[in-house]
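Beneath this line is the structure, given in structure tokens, with notes to follow.
Throughout, protein chains are lettered first and strands after them, A, B, ... in sequence-line order, and every chain is numbered starting at 1. Keep in mind that the numbers below use all heavy atoms, side chains included, and drop hydrogens, waters and symmetry copies.
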Amino acid sequence: MIKWSDKKIKEFRVTLLNWYDANCRDLPWRQDHEPYHIWVSEIMLQQTQVATVIPYYQRFMKQFPTIEALAQAPEDQLLKAWEGLGYYSRVRNMQRAAQQLLADYDGQWPQTKAELQELVGIGPYTAGAIASIAFNQPEPAVDGNAFRVFSQLLEIEADITKPQTRGIFEEAIRRIIPADRPGDFNQAIMDLGASFMTAKNPDNVHSPVREFNQAYIDGRVAEFPVRSKRLKPVDKHYFALVLQTPKGYLFQQRASNELLAKLWLFPLIDTDQLKVENPDLTDDMVIEAAENKFLADTEIKADLQFVDAPIVNHTFTHQKWHVTLVSAELQNQPDLSHFAGQVVPVEKLATMAWPTLQKKLWTAYEKRQIKLF
DNA sequence: GAAGCGTGGAC
DNA sequence: TGTCCAAGCTT
């Protein structure tokens, strides 16, 4: 498959690793090869930029310095430490894997890629990264950087969004990766992909591996990697009800099978669904219908004076939410025995793990215009 | 195998 | 504002 001669492969390794030795990034998780450190960093780095991860990693390591600390941590503390990173199942899975490591492996890490992949949250990329960086195994670690770099070096035209394409890249990399420094090799590819061979505005003129970059030589860099287009996010519409009571704010927990699973948000009403259930509903009646539905569902007996309706937009990977925020202050504590949620005192708000949407809702709430008349 | 899952940076 | 992408994994 790969056309490179043995001589060219050797020259590439030397060129890449010499460059890496002189120019590798000084990152907090590169201070040692502790599998726990490599693991936590790799999980955080999934679909997340290095600059974003650094402060999270440093705080996380202070708070949960060992596998044991991670395994024993209360989930709300873990989620608070993960707040704002997104893909919250990552930290839940990581804790499960930590417990798995202690229970099934007596805290001793398995060192092969296949065994590592058995742990929840560790897929082919992360298993390859841990195996090569922490355990010196000659395993490929194919992330977005590796897809981009090798697709250009070797002009691989397979669509990288297809699951089966990974194997093509892994096979090629297995012939190139050096047995003596596999971890450095994989990390060098990632540093290359983050510096010269970037997705946007690459600088191949100064790239240390420009002579090996067939796509660059052929003037075809922009053609690689081949990737099918992603779908546009679907629009969704909600009302968020901010209810302040003497004992605190009302929150509802997201279901475990939906977006932002098990996180706590202001109560939301799906107004798209409301319109499906009641096709005659006009736009200016939706707000009242939403409020009435909420009061009916919760059996809260109160004369709510909702004010304002700022709209908070938030885009997830597959959905674009348009959330109209309405708020009311209840002077007397209502009967909440039929309310499926919790009342959070003001002083406890800061201990909750708020996804970015909830932060935006809170900001909009604080900025709301108080109508005096 | 396709779809679902968060967020922020860069342009 | 829109679009693409970033050290992907699970179902």
Side-chain angles (χ1 to χ4, degrees), chain A residues 24-25 27-30 37-57 79 82-94 96-97 116-134 140-149 159-166 169 183 185-195 197-202 222 225 227-236 254-263 265 313-322 353-360:
Chain A
C24 67
R25 289 176 288 179
L27 301 170
W29 47 89
R30 285 183 176 174
H37 297 164
I38 306 303
W39 178 40
V40 172
S41 70
E42 292 300 343
I43 300 297
M44 286 187 172
L45 285 160
Q46 289 169 6
Q47 300 289 279
T48 310
Q49 295 185 164
V50 167
T52 302
V53 165
I54 289 174
Y56 280 92
Y57 176 84
L79 288 169
W82 209 264
E83 180 185 80
L85 263 187
Y87 289 144
Y88 297 93
S89 65
R90 287 186 291 175
V91 70
R92 295 191 177 107
N93 286 342
M94 197 162 62
R96 284 173 53 200
L116 288 165
Q117 254 187 271
E118 297 296 312
L119 297 166
V120 62
I122 297 184
Y125 162 73
T126 305
I130 297 173
S132 63
I133 299 170
V142 187
D143 70 331
N145 289 302
F147 274 128
R148 183 172 59 258
V149 169
D159 183 342
I160 65 166
T161 68
K162 307 290 184 190
Q164 64 183 54
T165 300
R166 174 175 303 276
F169 281 76
F185 178 90
N186 284 332
Q187 295 185 89
I189 293 297
M190 296 190 261
D191 279 17
L192 202 53
S195 55
M197 297 181 68
T198 49
K200 291 173 185 172
N201 303 325
R227 156 201 311 269
S228 54
K229 277 191 182 176
R230 24 194 113 185
L231 294 67
K232 274 189 181 175
V234 177
D235 288 301
K236 299 212 175 242
R254 302 282 296 165
S256 55
N257 63 345
E258 57 187 6
L259 200 52
L260 302 175
K262 291 184 273 185
L263 295 175
L265 304 179
N313 293 318
H314 187 74
T315 304
F316 301 95
T317 307
H318 293 93
Q319 298 178 13
K320 179 170 183 177
W321 284 22
H322 308 261
W354 279 6
T356 297
L357 170 64
Q358 172 62 25
K359 289 191 177 182
K360 286 185 182 176

Distance check, [atom1] atoms only: [N] and [M], in whole angstrom units.
| N | M | atom1 | result |
| --- | --- | --- | --- |
| dA7(C) | dA2(B) | P | 24 Å |
| dG1(B) | dT10(C) | C1' | 13 Å |
| dC5(B) | dA6(C) | C1' | 15 Å |
| dG6(B) | dC4(C) | C1' | 15 Å |

Which two nucleotides bound the region of DNA chain B that has atoms under 4.0 Å from heavy atoms of chain A, read 5' to 3'?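 So the outermost contacting nucleotides come out as dG1(B) to dC11(B).
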Residue pair Phe316(A)/Pro163(A) against DNA chain B: nearer the 5' end by closest nucleotide is Pro163(A)
On DNA chain B, compare the nucleotides closest to Leu85(A) and Lys162(A); which residue's is nearer the 5' end?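 This one resolves to Lys162(A).
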Counterpart residues, side-chain hydrogen bond (donor to acceptor under 3.5 Å, both in side chains), relative to [X] (two or more places apart):
| X | answer |
| --- | --- |
| Arg25(A) | Asp191(A) |
| Lys320(A) | none |
| Gln47(A) | none |
| Ser228(A) | Asp159(A), Thr161(A) |

Which residues share a ring pair (Phe, Tyr, Trp, His ring centres under 6.0 Å) with [X], sequence neighbours left out:
| X | value |
| --- | --- |
| His314(A) | Phe316(A) |
| His322(A) | His237(A) |
| Tyr87(A) | none |

Classify every nucleotide of nucleotides 6-11 of chain C by which part a protein heavy atom approaches to under 4.0 Å, writing B for the base, S for the sugar-phosphate alone and - for neither, in 5'-to-3' order. BBBSS-
Measure all distances between protein nitrogen or oxygen atoms and nitrogen or oxygen atoms of nucleotides 1-3 of chain C, and list the pairs falling under 3.5 Å.
from   : atom 1 : to        : atom 2 : distance (Å)
dG2(C) : OP2    : Lys320(A) : NZ     : 2.9
dT3(C) : OP1    : Lys232(A) : NZ     : 3.4

According to side chain to side chain contact (heavy atoms under 4.5 Å, CB included), who are the partners of Ala146(A), at least two apart in sequence or on a separate chain? Val142(A), Asp143(A), Phe150(A), Ile189(A)
May I ask you to say what Asn186(A) touches in the nucleic acid, namely base, sugar-phosphate or nothing, with a heavy-atom cut-off under 4.0 Å? nothing
Within the 4.0 Å heavy-atom criterion, would you say Leu260(A) contacts the bases, only the backbone, or no part of the nucleic acid?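 Sugar-phosphate contact only - Leu260(A) comes under 4.0 Å of backbone atoms but never of a base.
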Can you tell me how far CD1 of Ile54(A) sits from CG of Leu45(A), rounded to the nearest 0.5 angstrom?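 Going from the CG atom of Leu45(A) to the CD1 atom of Ile54(A) covers 9.0 Å.
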Can you give each donor-acceptor pair under 3.5 Å made by side-chain atoms of residues 122-134 of chain A, sequence neighbours left out, with the distance rounded to 0.1 Å?
from      : atom 1 : to        : atom 2 : distance (Å)
Tyr125(A) : OH     : Glu42(A)  : OE1    : 2.7
Thr126(A) : OG1    : Gln46(A)  : NE2    : 3.1
Ser132(A) : OG     : Gly128(A) : O      : 2.8
Ser132(A) : OG     : Ala129(A) : O      : 3.2
Ser132(A) : OG     : Asn186(A) : ND2    : 2.9

Under the 3.5 angstrom rule, does the side chain of Arg90(A) hit a backbone N or O of Gly121(A) as a donor-acceptor pair?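 Not confirmed, Arg90(A) side chain does not pair with Gly121(A) backbone.
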